[in-house]
Amino acid sequence: MKKMLAVTLAAAMTAGLLAGCSGGGSTGGGAAKAPETTAAQETTAAAAGGEKTDETKAEAAAPAADASKYEVTEPITIQWWHALEDQYSQTVQDVVDGFNSSQDLITVEPVYVGNYAAVNEALVAAHAAGTGLPAITVANTPYVAEYGAGGLTEDLTPYIEATGFEIDDFGKGLVDATSYEDKQVALPFLISTQVMYYNKDIADELGVTIPEKFDDMDQFLEAVSVVNNGTTERYGTIIPGWDQWYFETFYLNKDVKIINDDRISTDLDSEAATGLVNKFKEWCDKGYIYWANGEDASSIMRQNFIDKKAFSVCHTSSLYNTYVDKCDFEVGMSWLPAGDTKNQEIGGCVLLIPSKNDQATKNAAWQFLSYLCSKEVNMKWAKETGYIPTRNSVLHTDEGVKFLEEKPAFQCIFDNLDLINPRIQHPGWSQLATIWKNYMAEMMIEDVDIPSKIEDMTEEINEVLEDS
């Protein structure tokens, strides 16, 4: 049955379910790896009884010829910018050490820049200056369209074709989420989705479960929250207000477009969207939920959950290991309460190569990027973090089955994999997100006139969309 689950998981991903100072002028580095034979080439050869046709031979020969453009021939040191926090530091170092020792010419230096917003700010500034760029960097998934439109990213399509990188081993949704105008401008790296972590010990004691429907949240929050004389001793849940991704799907599942089909306006002033704002505000005023915003909001939210001052928190599945390691109670993990639909969005980060680097730096970066996205390294990330396996072929292995045995809480994700979709892509998305989360924080925390704030927010967002 477990093997059947792995096969089902792979099939769902294939169908598109998952669907945040060298490097500017260095010279050459590490011998290029032999190109992998693509699945298409293997299939064609097999169909021909093991003998390749002239067409197949030409296809096989082409990557070898083109690959010379992307070889690394001289020693080079490159930087990899990432947003992986302290809990991942050992895995980061192990992966980098593994690559550095696997060849003789490329030396990778990992650099923690900060969260995805900090990486974005530093990357955009370096791109504008044309100097100080990393050789390779992570980026949060919604930045892909913005970077593609701005010419910040190298088109990886010729690298993929020349070296035979198995891009089709990723689900279609992942490929779509890392493409811009039919160009592969990034590759999937560490992929997650939104979940609710909850205190299973208290849940068992109270006989409650995370509701499947958003409309049942009132009863649930009343049951699990502890509020005495206006003071909250235990929040029912905490909503991360520092990143709209965590509350975004509640809107999408209420059929709020966020970006309308015309691509120049938002639906965030609709009746459904306004109803969500009013409901969140009601829960905040009752002391049932805490809207986490401001400096250190993430660490404060986590500590509240660890200290049992919150029954549950909405967060990324990538932090599953962290929560389990820090809590002295059993940590449950649940799919978010649904609206008319129960879709969620891809989270985590992609990998890209800045376009303004010299070719020698790009070639070294491509070798390291290919290594980071390889089957073996992908599975290491999945086992040692809360990120989801992204390579379809990994899920057919005994190791893929063992992953679910070791982390049964991920069953809620695997049961809904076909409902995890690519992020909204629009060149103005990051500006929209900043405006949206800032207004939401003000409306949740301050005593303001909500209708007028929604009107102001919508006007600002529409201007951004029209100008993008």
Side-chain angles (χ1 to χ4, degrees), residues 17 192-200 202-204 206-227 232 234-258 267-268 270-292 301 304-305 310-320 323 331-347 386 388 409-421 423-424 436-437 440 443-444:
L17 51 115
S192 62
T193 192
Q194 309 100 327
V195 295
M196 284 187 79
Y197 295 105
Y198 63 95
N199 188 318
K200 195 171 185 305
I202 296 177
D204 291 343
L206 297 178
V208 298
T209 58
I210 302 295
E212 293 185 7
K213 292 286 189 178
F214 185 86
D215 291 343
D216 295 328
M217 284 286 286
D218 284 293
Q219 183 178 354
F220 161 75
L221 289 172
E222 184 177 358
V224 300
S225 302
V226 178
V227 183
T232 299
R234 185 176 71 215
Y235 291 100
T237 197
I238 299 180
I239 306 290
W242 70 83
D243 188 339
Q244 91 297 328
W245 183 63
Y246 292 109
F247 53 83
E248 187 174 308
T249 54
F250 292 119
Y251 284 77
L252 295 175
N253 286 324
K254 287 287 189 178
D255 201 29
V256 178
K257 292 270 190 173
I258 303 180
D267 197 23
L268 287 173
S270 66
E271 182 178 350
T274 301
L276 281 168
V277 173
N278 290 331
K279 181 55 69 174
F280 283 132
K281 180 63 172 177
E282 175 190 334
W283 292 336
C284 285
D285 290 346
K286 287 183 174 180
Y288 289 171
I289 71 171
Y290 171 58
W291 200 267
M301 182 183 80
N304 272 308
F305 183 65
F311 172 81
S312 65
V313 294
C314 296
H315 219 174
T316 168
S317 62
S318 66
L319 288 175
Y320 174 77
Y323 278 111
V331 177
M333 189 163 72
S334 173
W335 199 251
L336 295 183
D340 299 326
T341 56
K342 55 184 296 188
N343 298 321
Q344 289 185 191
E345 294 179 295
I346 184 176
I388 303 168
F410 274 74
Q411 188 69 56
C412 70
I413 294 178
F414 291 167
D415 286 346
N416 295 286
L417 276 170
D418 58 340
L419 300 177
I420 303 176
N421 299 305
R423 299 286 294 275
I424 297 170
W436 187 15
K437 67 186 179 184
M440 286 295 291
M443 289 187 287
M444 294 303 111

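Every heavy atom of this structure was used, including side-chain atoms; hydrogens, water molecules and symmetry mates were not.
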Worksheet item: Yes or no on side-chain contact (heavy atoms from CB on, under 4.5 Å) for I413 and Q344, after CA distance, side-chain angles and deciding distance?
Response: CA-CA 10 Å; I413 294 178; Q344 289 185 191; over 6 Å; no
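- Looking at S317, its side chain does come within 3.5 Å of a backbone N or O of T193 through a donor-acceptor pair.
- Side chain of S225 to backbone of G236: a donor-acceptor contact under 3.5 angstrom is found.
- Proximity of S270 to V256: side-chain heavy atoms (C-beta onward) are separated by under 4.5 Å at one or more points.
- Two residues are said to be in side-chain contact when any heavy atoms from C-beta on lie closer than 4.5 Å; K286 and L221 fail this criterion.
- Between Y251 and D267 the shortest side-chain heavy-atom distance does not fall below 4.5 Å.
- Evaluation of the salt bridge (Lys or Arg N to Asp or Glu O under 4.0 Å) test over residues 235-257, restricted to residues two or more places apart or in two chains, returns D215-K254, K257-D261.
- Partner of F311 under the ring-ring contact (aromatic ring centres under 6.0 Å, His included) criterion, out of F220, Y290, Y197, F305: F220 alone.
- Sorted by first and then second residue, the salt bridge (Lys or Arg N to Asp or Glu O under 4.0 Å) pairs involving residues 218-227 (not counting sequence neighbours) are D218-K279.
- Side-chain atoms of L419 and W335, non-hydrogen and from C-beta on, do get closer than 4.5 Å to each other.
- Taking the six-membered ring where the residue is Trp, F250 and F214 present tilted rings, their angle falling between 30° and 60°.
- Minimum heavy-atom separation, A273 to L268: CB-O, 3.4 Å.
- Within the 4.5 Å cutoff, the side chain of Y323 has heavy atoms near those of the H315 side chain.
- Applying the side-chain contact (heavy atoms from CB on, under 4.5 Å) rule to C284 yields the partners I289, W291, M444; only residues at least two apart in sequence or on another chain are considered.
- Aromatic ring orientation, Y320 versus F410: perpendicular (interplanar angle above 60°, classes split at 30° and 60°).
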Worksheet item: Does the side-chain contact (heavy atoms from CB on, under 4.5 Å) test come out yes or no for N304 and I238, once each step is laid out?
Response: CA-CA 9 Å; N304 272 308; I238 299 180; 3.9 Å; yes
Discussion item. Show, in sequence, the C-alpha distance, side-chain angles and deciding distance for V224 and I202, and conclude whether the side-chain contact (heavy atoms from CB on, under 4.5 Å) test is met.
Written reply: CA-CA 8 Å; V224 300; I202 296 177; 5.9 Å; no
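- With contacts defined as side-chain heavy-atom distances shorter than 4.5 Å, the pair W245/R423 qualifies.
- A donor-acceptor pair under 3.5 Å is absent between the side-chain atoms of K213 and the main chain of P337, judged by distance alone.
- Y246 is listed as a side-chain neighbour of T316, based on a closest heavy-atom distance under 4.5 Å.
- Side chains of Q194 and C314 form no contact here, defined as non-hydrogen atoms less than 4.5 Å apart.
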Practice prompt. Could you walk me through whether T249 and N343 pass the side-chain contact (heavy atoms from CB on, under 4.5 Å) test, one step at a time?
Written response: CA-CA 7 Å; T249 54; N343 298 321; over 6 Å; no
